Visitor: 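Quick one: the structure is below, and I'll ask about it shortly.
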Amino acid sequence: MSAENSSANVPGAATPAPSDFVRDIVARDVAEGRYQRIITRFPPEPNGYLHIGHAKSICLNFGIARENQGICHLRFDDTNPAKEDIEYVESITQDVNWLIAGWADQCLGYKMKGTGPATVTTGGKPDFTIASVPATTPGSEAFFASDYFEALYAYAVQLIQRGKAYVCDLTPEETDAYRGAPDKPGRNSPFRERSITENLDLFARMRAGEFPNGARSLRAKIDMASPNVWLRDPLLYRIRHTAHHHAGDKWCIYPLYDFAHCLSDYLEGITHSVCTLEFTEHRPLYDWILESLDLPRSLPHQYEFAKLNISYMVFSKRRLLQLVDEGYVQGWDDPRLPTLSGARRRGIPASAIRRLAALVGVTKYESVTDIALFEHAIREELNSLAARRLAVLRPIKVILTNLSAGEVIPCEATNNPQDETPSTRPVALTREVFIESDDFAEVPPPKYFRLKPGGEVRLKYACIIKCDEVVKDASGRITELRCTADLSTRSGAPNADRKVKGTIHWVSASNCIDAEVRLYDRLFKVAEPAATDDFRQHVNPQSLEVVNAKLESSLAAATSRDYFQFERLGYFVADAKDSSPSRLVFNRTLTLKDTWAKPAGGKA
RNA sequence: UGCCCGAUAGUGUAAUGGUAGCACAACGGAUUCUGACUCCGUUUGUCUAGGUUCGAGUCCUAGUCGGGCAGCCA
């Protein structure tokens, strides 16, 4: 089960393990024997839902782990109690597990519930460390930065003792003013030269709750004139009299990202800390903190890559929140959203998202991936995964006049022609059937090879029919088509090979079920909605159309875990929330490619 | 106008001083009991200017364009 050159992440395709500049760095470090084991991490803040952009990072971090027999920790970067919530830790945990299931779940590292870093001695020096256990271990849970607060506090004290941190009494506004500007150096805080003793005392009293929010902070003592503003005595701790969703009400001072993140990585033994580009200018601070402490184990290193953008989508937390709050969509798991929960509900397999991640690669260039590439990845997966079924979205009735009322002609339908040995299921042809209204044209456009007056078409898996008569009501609307079935062309019958240009799908009117079908389309009309003045003005009003469809009866047993292709239409899945045996609801994941629709200019 | 990062077909990416390749998209064709899938073919590219070198997408210099950075957010 070597993960080395495994292509198991991409079913049906013998693609090699991906290669990119981050993996090259890891490979180099492995070759040089720099680490005993590769450990990466995915560190979301529990303040929102995961989306396909996060999936790129998950696939990278877990991919590196599985390709190197390593581990990837799921760690909640929960250092800001004001913005975070347990609701998000639950959804994030679920989404990560869903995305990596069957691919990298063996690499998922958790820790034992309720535990924090242990005090150990490494090379004769005092040290803190926290070990991972397989996520399958009973009583385990994800890592939480908030479990490290005690150790982080000890590290802060050590920094003060080394003269590398001080308590500052400047207000937030003053701190801002003292920081200067990118092209202007900052000024030293008047509190910068406090004695170590005084700093120690003040920091202890900050922890003890003696001061109100914002009254004081702990700052690193680096260089107020540095061209890198993150080195201008950045804040390490702030006072927040707020309870924490994971740590409880134990603390009223909370570490900031820059202080917590690098040390969390160290505590967990992370070797490669991979994050997005906007943290590049923080890297010198990441290194400074680790190097300013007396840390006996090898230090983690940060590497940055460009986050994922996909055309016709928005990813920012703010915009996603607006779409939900202002009712453009119906919740965080709305199938039109790029959230992982939305994608799952839409019927997009996790393997398709992983395939996309492999396809887009990893670079430092901030690109916009064509949504067509994502759709390609989805179709590629679903083509091999989805069972074929017959369903008619916009029915017109067809009477096969040469069949008697109770007559049932059994037919065999293929479940998936992509299977090595495709299985079949029975479907029944009866006197009355439904066909797709698009599959009949009274006045056919050029090169139309579906049904037309006097024309022939094959009902898939059944036989060829000929349209004899178009029946209309008083208003001129077509109510039914009267056709004759050529039973000698049934599959297996003597004339089965007779060629007609078109083959269409159908369902038996007397042996079908009704269902609500939600036809989803892209949420935006423009390629880069986030780049416009107001992205909300470009929401596609046709992103959802609901129809009442007729389905072959076998679909009654569908669950939200079964992927289907409704033949000639697209990929569909039962809605996880709203579908029930008594009221079936299907979501369209994606249409099939349609090279006819374009030249025909849409509806004929 | 301080610092950092980046730029290769329409899009995304490969080439690590030695024939610019792949995927998606587009277009044309074959096949087809899904106008799907599959197969074959075609179009389109190294930001600019200098320099180093037998040889530069790659190294150097300058410029252009794009992105990021001045939260007690992450």
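Everything quoted here is computed from the prediction, not taken from an experiment. Protein chains get the first letters and strands the later ones, always in sequence-line order, with residue 1 at the start of each.
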Visitor: Does B/G17 have a Watson-Crick or wobble mate here (both distances under 3.5 Å), and if so which one?
Guide: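 B/G17 is paired with nothing.
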Visitor: Which whole number of Å gives the distance between the C1' atom of B/G2 and that of B/C72?
Guide: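 One C1' to the other, the span is 24 Å.
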Visitor: Paired with B/A62 by Watson-Crick or G-U wobble geometry, both distances under 3.5 Å: which nucleotide is it?
Guide: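 Paired with B/A62, as far as the under-3.5 Å criterion goes, is B/U48.
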Visitor: What's the gap between B/A15 and B/C22 when it is taken at their C1' atoms, as a whole Å value?
Guide: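 The answer is 11 Å between these two C1' atoms.
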Visitor: Across nucleotides 64-70 of chain B, 5' to 3', mark each nucleotide with B, S or - according to how protein heavy atoms within less than 4.0 Å reach it.
Guide: ----BSB
Visitor: Counting only side-chain heavy atoms from C-beta out, which of B/G6, B/A74, B/G12 sits nearest to A/L256?
Guide: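 So the side chain of A/L256 is nearest to B/A74.
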Visitor: With P as the reference atom in both, quote the distance from B/U58 to B/U16 in angstrom, rounded to an integer.
Guide: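 Looking at atom P only, B/U58 and B/U16 are 13 Å apart.
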Visitor: Are A/S367 and B/U13 close enough that a side-chain N or O sits under 4.0 Å from OP1 or OP2?
Guide: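 A/S367 to B/U13 OP1/OP2: side-chain N or O found under 4.0 Å.
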Visitor: Using a 4.0 Å heavy-atom cut-off across all strands, classify A/G361 as base, sugar-phosphate, or nothing.
Guide: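 No contact.
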Visitor: My understanding is that a pair needs two contacts under 3.5 Å, Watson-Crick or G-U wobble. By that rule, which nucleotide pairs with B/G12?
Guide: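 The answer is B/C22, by the H-bond criterion.
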Visitor: Which nucleotide, if any, forms a Watson-Crick or G-U wobble pair with B/A74, using both distances under 3.5 Å?
Guide: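 Its partner: none found.
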Visitor: Does a salt bridge link A/R394 with A/E436, judged by any charged N lying under 4.0 Å from a carboxylate O?
Guide: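 Looking at A/E436 together with A/R394, the answer is no, because their closest N to O distance does not fall below 4.0 Å.
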Visitor: Of A/R283, A/R41, A/Q302, which meets side-chain hydrogen bond (donor to acceptor under 3.5 Å, both in side chains) against A/S273?
Guide: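 The option that passes is A/R41.
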Visitor: Could you check B/G71 for me: syn (within 90° of 0) or anti?
Guide: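 The base of B/G71 is oriented syn (glycosidic angle within 90° of 0).
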Visitor: Is the distance from OP1 or OP2 of B/U13 to the nearest side-chain N or O of A/T363 less than 4.0 Å?
Guide: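 Checking B/U13 against A/T363, a side-chain N or O does come within under 4.0 Å of OP1 or OP2.
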Visitor: Please work out if A/R240 contacts a base, only the sugar-phosphate, or nothing of the nucleic acid, heavy-atom cut-off 4.0 Å.
Guide: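 Base: the residue A/R240, judged by heavy atoms under 4.0 Å, touches a nucleobase.
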Visitor: Give one of base, sugar-phosphate or nothing for A/L236, where a contact means two heavy atoms less than 4.0 Å apart.
Guide: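 It contacts nothing in the nucleic acid.
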Visitor: With a 4.0 Å cut-off, would you call A/D265 and A/R75 a salt bridge?
Guide: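 A/R75 and A/D265: salt-bridged.
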Visitor: Quick one: look up who B/C69 pairs with, Watson-Crick or G-U, both distances under 3.5 Å, and put none if it's unpaired.
Guide: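 Checking every strand shown, B/C69 finds its partner in B/G2, with both distances under 3.5 Å.
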Visitor: Would you say the ring centroid of A/F572 lies under 6.0 angstrom from that of A/F586?
Guide: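 No, they do not, as the ring centres are separated by 6.0 Å or more.
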Visitor: Carefully, step by step, assess A/E552 and A/R389 under the rule side-chain contact (heavy atoms from CB on, under 4.5 Å).
Guide: CA-CA 7 Å; A/E552 75 168 74; A/R389 290 293 182 266; 3.6 Å; yes
Visitor: Restricting to pairs with a member in residues 356-369 of chain A, which pass salt bridge (charged side-chain N to carboxylate O under 4.0 Å, His left out), not counting sequence neighbours?
Guide: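 Every pair satisfying salt bridge (charged side-chain N to carboxylate O under 4.0 Å, His left out) with a residue in residues 356-369 of chain A: A/E304-A/K364, A/K307-A/E366.
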Visitor: B/G6, B/U11, B/C72: which one has an atom nearest the side-chain heavy atoms of A/D370?
Guide: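 Nearest to the side chain of A/D370 among the choices is B/U11.
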Visitor: With side-chain contact (heavy atoms from CB on, under 4.5 Å) as the test, would you mind laying out the steps for A/N47 and A/K317 before giving the verdict?
Guide: CA-CA 9 Å; A/N47 71 343; A/K317 219 164 262 179; 2.7 Å; yes
Visitor: How does each nucleotide of nucleotides 33-43 of chain B score, in 5' to 3' order, for protein heavy atoms under 4.0 Å: base (B), sugar-phosphate only (S), or none (-)?
Guide: BBBBS------
Visitor: Closest approach to the side chain of A/D183, judged atom by atom: which nucleotide of B/U1, B/C72, B/G12 is it?
Guide: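 The answer is B/U1, which lies nearest to the side chain.
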